[in-house]
There are 2 protein chains.
Amino acid sequence: MSKSPVSVVAVPSNPVSASEQKRLQMADIARLAGVSTSTVSRALNKSPLINEETRSRIEQLAKSLNYSINVGAQNLRLKQNRTVAVVVPFDSTSRQHLSDPFFLSILGSIADALTARGFDMLLTRVDAEELDAAAQIFHTGRAIGVILIGQWRHHDQLNQMAARRVPIVVWGAQIQQQLYVTVGSDNVAGGFLATEHLLLNQRRRIAFFGDTQLPEVADRFQGYQKALQQYQIPFDPTLVLPAVFTEEGGRAAVAELLARQTRFDGLFACSDLLAMTAISSFRERGLVTPQDIAVVGYDDIELARYFHPPLSTVRQPLVAAGEALVSAVLALAEGQVLPPVLLPTELVVRHSSVM
Amino acid sequence: MSKSPVSVVAVPSNPVSASEQKRLQMADIARLAGVSTSTVSRALNKSPLINEETRSRIEQLAKSLNYSINVGAQNLRLKQNRTVAVVVPFDSTSRQHLSDPFFLSILGSIADALTARGFDMLLTRVDAEELDAAAQIFHTGRAIGVILIGQWRHHDQLNQMAARRVPIVVWGAQIQQQLYVTVGSDNVAGGFLATEHLLLNQRRRIAFFGDTQLPEVADRFQGYQKALQQYQIPFDPTLVLPAVFTEEGGRAAVAELLARQTRFDGLFACSDLLAMTAISSFRERGLVTPQDIAVVGYDDIELARYFHPPLSTVRQPLVAAGEALVSAVLALAEGQVLPPVLLPTELVVRHSSVM
DNA sequence: GTGAAAGCGCTAACAG
DNA sequence: CTGTTAGCGCTTTCAC
């Protein structure tokens with residue numbers, strides 16, 4: 001035998017180890033147990049056909065050897081699949097990170113709902129301009145359906161996918177002539193609630209922060225207008241700012257609003273993140289919330305109550321959202337036809353809106 | 001699992017539609033193109049053997065029919081797999097949600113790193129007491145390796161998995177006699193930096209919030225003690241609170257600290273979430289930050305700069321973290337042997353710690 | 001350049 | 001109750 005070489009460099013680990021680490025398979029268990037693979041298969045799948053003694057013997061063996069049935073092969077054979085894809089589009093220009101806490105939370109709730117039903121979750125980030133990648137996940141059989149978080153502006157692409165029979169459900173607002181299924185909160189009601197609350201607290205010049213090109217925001221805006229109308233407050237377009245949902249959105253919107261030199265004493269921001277960055281900007285400029293500007297956000301993220309001042313906001317039902325999205329995509333995958341789902345929305349009053 | 005107040009009512013559609021929707025497969029394309037499946041396979045895989053004309057014809061056909069190769073079957077045949085599992089343990093007792101923004105962000109950075117390398121990400125939440133479920137994901141062949149976010153107290157279980165040759169990398173702190181690979185930030189340095197900063201700003205009675213049973217926190221605590229020692233400030237155990245990383249953690253710790261009637265003028269909280277809830281609690285009790293209590297958090301989540309006061313904190317390198325975790329798990333899956341990875345940590349001074 | 005045939009790891013008739 | 005056999009959708013020698 002060759003004697004081991006003395007070297008100072010790290011011992012190059014056995015490069016074969018990956019391949020030599022031959023994965024155990026059913027045939028191995030069968031041989032070791034002295035039965036056929038059919039028997040092992042049946043035993044491990046708890047078929048009632050198998051002798052109790054045989055079964056437990058095989059189970060023991062498998063467990064002690066750390067063997068588990070290969071799901072890939074099983075799925076192929078069974079033509080089944082218990083994986084759902086969750087797609088989070090990102091904006092290729094801003095390379096925006098998965099940053100809004102609300103989206104992250106909804107992701108958690110989907111994960112829970114999926115786990116509860118015994119499904120795996122494939123999480124994918126795709127370029128918002130290439131939503132077709134989401135369809136590929138389905139067409140390649142990696143998932144039986146997809147949940148898309150963030151409707152954004154991609155109505156047409158989504159419609160196309162649905163038309164091609166991709167089981168897809170999107171978190172967002174219901175739109176006319178929409179072929180795909182949406183699950184979302186009642187944004188019109190949410191917008192109304194927030195605005196009405198501000199109105200009821202004697203605010204008359206209420207700014208609106210949100211990109212109304214997004215369907216969800218458009219609905220909230222509609223609620224905003226409806227409230228103004230109902231309380232007979234004139235609508236002033238100079239109070240409307242197309243703030244994007246990024247961290248800088250609130251800051252930029254505040255700057256623009258102030259530059260417009262329009263008077264305002266209230267703000268309805270279409271996300272808590274937006275509300276928080278706005279409040280932070282106001283403060284830098286000597287404007288205090290709620291005294292000078294009463295603010296209501298949207299989402300009710302966890303940090304909202306620990307913010308200063310604690311943020312009044314419109315709560316979207318997180319757990320229900322996950323449940324509904326998962327139910328919907330599963331139903332769709334089974335070929336059912338579904339109506340859109342509208343979840344209730346709730347005003348949470350804290351201190352950013354009342355003195 | 002709470003049930004949602006809204007149920008998805010399915011219009012009972014044609015129940016056969018799911019099954020009759022026969023998925024296209026390679027044989028279909030072959031028949032339609034008048035070639036054999038071998039040819040289709042080669043064409044779609046861009047084999048140089050195929051006639052250019054034939055290839056493009058087949059590609060066209062496949063595209064127009066929305067056909068894509070079935071990855072499951074392909075993987076089986078090729079004995080390959082491009083999926084990595086990301087496991088987020090949850091505490092079964094508190095049923096704690098995936099709530100800390102930092103964990104969520106790291107998840108995003110992992111997703112990006114995986115996507116960049118052409119890997120799929122399987123996201124799974126598992127009961128912290130049943131970490132073995134993470135091993136199953138590997139043993140069943142659903143993923144070639146697993147990234148575990150949150151070392152918590154499960155050192156032993158993790159060691160067992162590693163001993164069984166499950167390619168697993170853990171986000172957390174390096175521990176003695178650890179068989180598994182960790183990637184984490186330099187927690188000792190982070191703790192030192194935060195504490196030193198407070199010390200340099202004339203704070204002498206610095207409270208520490210964090211569950212020192214967690215390896216990462218233990219390291220930060222070590223940094224805290226090191227700083228005190230270096231600046232010759234006596235260590236006082238009454239200033240140390242085992243705050244958990246939940247939203248209520250900060251609040252409870254503040255209550256307990258106040259109940260102890262010990263004097264303090266600074267706080268190093270082991271997460272931004274903890275710092276924020278603590279500041280919020282202080283405020284409720286008339287204590288203002290930074291005047292009365294200077295606070296430094298940990299993580300540098302996005303909202304930290306928009307908090308009031310903007311939060312001083314120790315930044316953990318998010319993007320690098322995702323990259324490192326992914327590189328590590330991929331290397332492990334190939335059978336390589338790796339050392340733990342320690343990422344640099346950086347103090348970000350804002351206003352919660354300086355007057 | 002293209003096709004026929006074998007087989008990836010598993011399950012399910014169909015026999016015994 | 002258990003084994004034999006065929007085949008899930010794909011890739012790849014091996015022939016032509």
Side-chain angles (χ1 to χ4, degrees), chain A residues 19 21-59 61-62 65-83 136-144, chain B residues 19 21-59 61-62 65-83 136-144:
Chain A
S19 31
Q21 171 82 348
K22 217 181 61 180
R23 302 281 278 255
L24 228 38
Q25 49 190 77
M26 207 172 258
D28 300 316
I29 305 293
R31 189 167 357 90
L32 263 33
V35 296
S36 73
T37 58
S38 330
T39 301
V40 175
S41 172
R42 289 194 266 250
L44 263 22
N45 285 305
K46 315 210 180 308
S47 155
L49 292 175
I50 290 293
N51 180 331
E52 182 50 39
E53 187 273 326
T54 315
R55 184 230 300 300
S56 76
R57 187 163 51 88
I58 293 177
E59 273 176 349
L61 189 61
L65 263 47
N66 249 299
Y67 168 79
S68 297
I69 292 177
N70 179 313
V71 220
Q74 188 179 48
N75 282 345
L76 180 59
R77 177 63 234 233
L78 261 29
K79 290 162 162 277
Q80 71 168 17
N81 186 344
R82 294 185 73 80
T83 303
Q136 286 313 309
I137 298 176
F138 169 71
H139 285 128
T140 57
R142 279 179 295 181
I144 58 166
Chain B
S19 31
Q21 171 82 348
K22 218 179 62 183
R23 301 282 279 254
L24 228 38
Q25 48 190 78
M26 208 172 257
D28 300 314
I29 305 293
R31 190 167 357 91
L32 263 32
V35 295
S36 73
T37 58
S38 324
T39 302
V40 175
S41 171
R42 288 195 267 249
L44 263 23
N45 285 307
K46 313 206 181 308
S47 156
L49 292 175
I50 290 294
N51 180 333
E52 182 49 40
E53 186 274 326
T54 315
R55 183 231 300 301
S56 75
R57 188 164 51 88
I58 292 177
E59 275 176 349
L61 188 61
L65 263 48
N66 249 300
Y67 169 79
S68 296
I69 293 176
N70 178 312
V71 207
Q74 188 179 46
N75 282 346
L76 179 59
R77 178 62 232 234
L78 261 29
K79 290 162 161 278
Q80 71 168 17
N81 186 343
R82 294 186 73 79
T83 304
Q136 286 313 309
I137 298 176
F138 169 72
H139 284 127
T140 56
R142 280 180 295 181
I144 58 167

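Chain A is the first sequence line, chain B the second, and so forth, proteins listed ahead of strands; every chain is numbered from 1. Only this structure's heavy atoms are used, side chains among them; waters, hydrogens and symmetry mates stay out.
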Return the value, rounded to whole Å, for the distance between atom [atom1] of [X] and atom [atom2] of [N].
| X | N | atom1 | atom2 | value |
| --- | --- | --- | --- | --- |
| A:L78 | D:dA6 | CG | P | 20 Å |
| A:N75 | C:dA12 | CG | P | 12 Å |
| B:N70 | D:dG9 | CG | C1' | 6 Å |
| B:N81 | C:dG9 | CG | C1' | 14 Å |
| A:Q80 | D:dG9 | CD | P | 14 Å |
| A:M26 | C:dC8 | CE | P | 14 Å |
| A:R142 | D:dG9 | CZ | P | 18 Å |
| B:K79 | D:dG9 | NZ | C1' | 17 Å |

Find the distance between [atom1] ([X]) and [atom2] ([Y]) and round it off to the nearest 0.5 Å.
| X | Y | atom1 | atom2 | answer |
| --- | --- | --- | --- | --- |
| A:L76 | B:N70 | CG | CG | 7.0 Å |
| B:L44 | B:T37 | CG | OG1 | 11.5 Å |
| A:T54 | A:R42 | OG1 | CZ | 11.5 Å |
| B:R23 | B:N66 | CZ | CG | 10.5 Å |

From [options], pick the nucleotide closest to the side chain of [X]?
| X | options | answer |
| --- | --- | --- |
| A:L49 | C:dA12, D:dT2, D:dG9 | D:dT2 |
| B:V35 | C:dG9, D:dG3, C:dG3 | C:dG3 |
| A:I50 | C:dC10, C:dT2, D:dT2 | D:dT2 |
| B:R77 | D:dC8, C:dA6, C:dC10 | C:dA6 |
| A:T37 | D:dT11, C:dT2, C:dT11 | C:dT11 |
| A:R42 | C:dC8, C:dA13, C:dT11 | C:dA13 |
| A:I69 | D:dG3, C:dG3, C:dT11 | C:dT11 |
| B:S36 | C:dG9, C:dG3, C:dT11 | C:dG3 |
| A:Q25 | D:dC1, C:dG3, C:dC10 | C:dC10 |

*So which one's nearest nucleotide on DNA chain C is more toward 5', A:S68 or B:V40?*
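Taking each residue's closest nucleotide, the earlier one in sequence belongs to B:V40.
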*asked:* What's A:N45 touching, base or sugar-phosphate or nothing? Going by heavy atoms closer than 4.0 Å.
replied: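 Answer is sugar-phosphate: A:N45 comes under 4.0 Å of backbone atoms only.
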*Would you indicate what A:T39 reaches in the nucleic acid, counting non-hydrogen atoms under 4.0 angstrom: base, sugar-phosphate, or nothing?*
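Contact class for A:T39: sugar-phosphate only.
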*Does C:dC10 have OP1 or OP2 sitting under 4.0 Å from an N or O in the side chain of A:Y67?*
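It does, given that an N or O in the side chain of A:Y67 lies less than 4.0 Å from OP1 or OP2 of C:dC10.
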_Strictly below 4.0 Å: does B:Q74 bring a side-chain N or O up to OP1 or OP2 of D:dT11?_
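Result: yes.
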*Give a yes or no on whether a donor-acceptor pair under 3.5 Å exists between the nucleobase atoms of D:dT4, that is its base, and the side chain of A:S38.*
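Result: at least one qualifying N/O pair found.
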*What is the minimum heavy-atom distance between A:K46 and A:E59, and which atoms define it?*
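So the minimum-distance heavy-atom pair works out to NZ-OE2, 2.9 Å.
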_Less than 3.5 Å apart, any donor N or O on the side chain of B:T83 or B:N81 sitting next to an acceptor on the other?_
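Indeed, the side chains of B:T83 and B:N81 share at least one donor-acceptor pair under 3.5 Å.
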